[in-house]
Peer 1: 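There's a structure below that I have some questions on.
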Amino acid sequence: MLQGGNPYTLAKEIHGIGFATADQIAQSVGIPKDSQNRARAGIDHVLLGATSEGHCALPLEKLKAAAVKLLELPVETIERAVSQMLTGGLLLLEEIDREPLIFLPHLRKAEDGIARKIKRLATAGVAYPKIDIERAVTWCEKKTRKTLAPSQREALKTALTSRAVIITGGPGVGKTTLVNSILLILRAKKVKCLLCAPTGRAAKRLTETTGMTAKTIHRLLEVDPATGRFSRNEDKPLDCDLLVVDETSMVDVLLMYALLRALPATSGLIMVGDVDQLPSVGPGNALRDLIDSGVVPVVRLTEVFRQAASSKIITSAHLIRQGKMPELRRAESGTDFYFIERDTPEEIAATLVRLVQDRIPKGHRLDPIRDIQVLCPMNRGSIGVRELNTVLQGALNPVRPGEPAVERFGWRFQVRDKVIQTENDYKKEVFNGDIGAIEKIDPVEQELSIRFDDRLVTYDFGELDEVSLAYAVTIHKSQGSEFPAVVMPVAMQHYMLLQRNLIYTGITRAKQLLVVVGQKKALGLAVRNDQSRKRYSGLLGSLKESCL
DNA sequence: ACTAGCCT
């Protein structure tokens, strides 16, 4: 039930579902665009802002009640607005589980479009020339000097004999090796392959692992930055016989629709991703729905090659994936997963700093700045990214008077500071999410140099808005990266974000060592909470309808 | 009282 008009309770209950853009709502209920009403509602954005999280559906009665409370307008006004929007095509009504729900038409259209295209692909024949699988595998193994595991061979066979296929699995299960093998074989058969990913970093990584050019989905579809529209579509499709999409779990319904529209009718499609990681921040749960529908063949890789099967990080990740609490008691030495119980935020923060600064470097011979990454559920709060960056900077790289420093946006940058690039810069060849360290500051030239892996990149002081401190980053941002050691605070102040996928994503970033610090209650809550599964997506329904 | 990504 709706409680006390608290927008956040409300938003949680309906899971961030809205029913139109804030502007549309404001307009339809007669509130001027920039009025104080909207500012007061703030809510606007969470509840009425439509697509900020996940979903596109909301029961009609709840919608009306919410609107009355939040906008403090008479019921009649809301009734009128809703009916106007219904007749005006801004709202559509449908039923899911016998509950009348409202859909945003543009999302509904996208869901239908995706379903139609996917079904068409699923019933079409194979896109590639006839391939002798056994011979191809042998040839491929010789060429890469890598032996494929039986599960990978089976997967390869499925991929080469299906028009569309989904390849899913956690870190280290050999998704990359499999994709490389597929590409190697198909390219030898002169199949024209295009590669893409939703983020610049993922595209760069895909380029590196395959030796082929991979682009962001936006660049592949030739986005017009002014309008946000794509020039590639059904009228001007991509030129390919196979499209490979990596990190598909991050692709929301609208982007998926845009991508599939641009896929030529004759092309194959391979979607790669980890469904257990965080769902897209944008609407829907596209990859999960595609998998659950059973319309497209799914290759599930589970065998872990990268780390020893005895790794407690890996076994815990599997347990959490299934909603089970991992073993938290103090384990034998030599383990790679520790849980340190602390109750108050102050204790959590203090313990965390001690771990990063002292205990982990001493016990595991790791560099506190280079090797250890703090991952937080949230940006705000006393144990959020912002606060911890301040504290960790003070502990790991304190102010050295007399040394050059730059101040920007309230942050002070000094040599040795750990930083993260926050937008794609194709000129510098650094991408959103790249982490490095400041190596040189030149106050005369007004320049500073940041080392990313083995590359030194120079920034004008004016370009520092592309960069923030990275002692701590959000788990969302860490998706797609791995670190030797991960320290992760978990507390009730992260309530909003405590969900299974978040914890799973955080802990699977750790390669050698994982330390979770915080409240057992919060961790338990997160592990049990798989609400992200429950986004009221219409895509699954569309996919399951039998007609074309 | 929340979490992303894309482009010139």
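Below, all heavy atoms of this structure are taken into account, side chains as well, without hydrogens, waters or symmetry copies. In what follows, every chain begins at residue 1, and chains take the letters A, B, ... in the order their sequences are listed.
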Peer 1: What is the nucleic acid contact for A:F431, judged by heavy atoms within less than 4.0 Å: base, sugar-phosphate only, or nothing?
Peer 2: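 Nothing, no heavy atom under 4.0 Å.
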
Peer 1: Is the shortest side-chain N to carboxylate O distance from A:R321 to A:D276 below 4.0 Å?
Peer 2: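 So A:R321 pairs with A:D276 through a salt bridge.
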
Peer 1: Quickly work out the A:R219 CZ to B:dC7 C1' distance and round it to whole Å.
Peer 2: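 Roughly 8 Å, once rounded to whole Å.
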
Peer 1: Nearest nucleotide by nearest heavy atom, which residue falls closer to the 5' end of DNA chain B, A:P377 or A:R201?
Peer 2: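 Result: A:P377.
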
Peer 1: Got a sec, which residues hit ring pair (Phe, Tyr, Trp, His ring centres under 6.0 Å) with A:H218, two or more places apart in sequence or on another chain?
Peer 2: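 If we apply the ring pair (Phe, Tyr, Trp, His ring centres under 6.0 Å) test to A:H218, skipping adjacent residues, the hits are A:F230.
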
Peer 1: Which pairs with one or both residues in residues 249-263 of chain A pass salt bridge (Lys or Arg N to Asp or Glu O under 4.0 Å), sequence neighbours excluded?
Peer 2: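 Qualifying pairs: A:E234-A:R261.
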
Peer 1: Does B:dC7 have its OP1 or OP2 closer than 4.0 Å to a side-chain nitrogen or oxygen of A:Y426?
Peer 2: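 True: A:Y426 side-chain N/O within range (under 4.0 Å) of B:dC7 OP1/OP2.
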
Peer 1: In whole Å, what is the span from the CE atom of A:M250 to the C1' atom of B:dG5?
Peer 2: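 For the pair A:M250 CE and B:dG5 C1', the rounded distance is 7 Å.
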
Peer 1: Just to be sure I understand the rule, does A:G381 reach a base, reach only the sugar-phosphate, or reach nothing, if contact means heavy atoms closer than 4.0 Å?
Peer 2: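 No contact at all - A:G381 keeps every heavy atom at 4.0 Å or more from the nucleic acid.
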
Peer 1: Does A:D252 reach a base, just sugar-phosphate, or nothing at all? Heavy atoms under 4.0 Å.
Peer 2: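 The answer is nothing, as A:D252 stays clear of every strand by at least 4.0 Å.
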
Peer 1: Whole angstrom is fine here: how far is it from CZ in A:R380 over to P in B:dA4?
Peer 2: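 It is 11 Å, rounded to the nearest whole Å.
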
Peer 1: Ring of A:F431, cation from A:R205 - is the NZ or CZ under 6.0 Å from the centre and inside 45° of the axis?
Peer 2: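 Not satisfied by the 6.0 Å and 45° rule.
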
Peer 1: Checking contacts here: which listed nucleotide (B:dC7, B:dC2, B:dC6) is nearest the side-chain heavy atoms of A:P225?
Peer 2: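 Closest nucleotide among those given: B:dC7.
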
Peer 1: Reckon A:N432 touches a base, only the sugar-phosphate, or nothing at all at heavy-atom distances under 4.0 Å?
Peer 2: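 The residue A:N432 makes sugar-phosphate contact but no base contact.
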
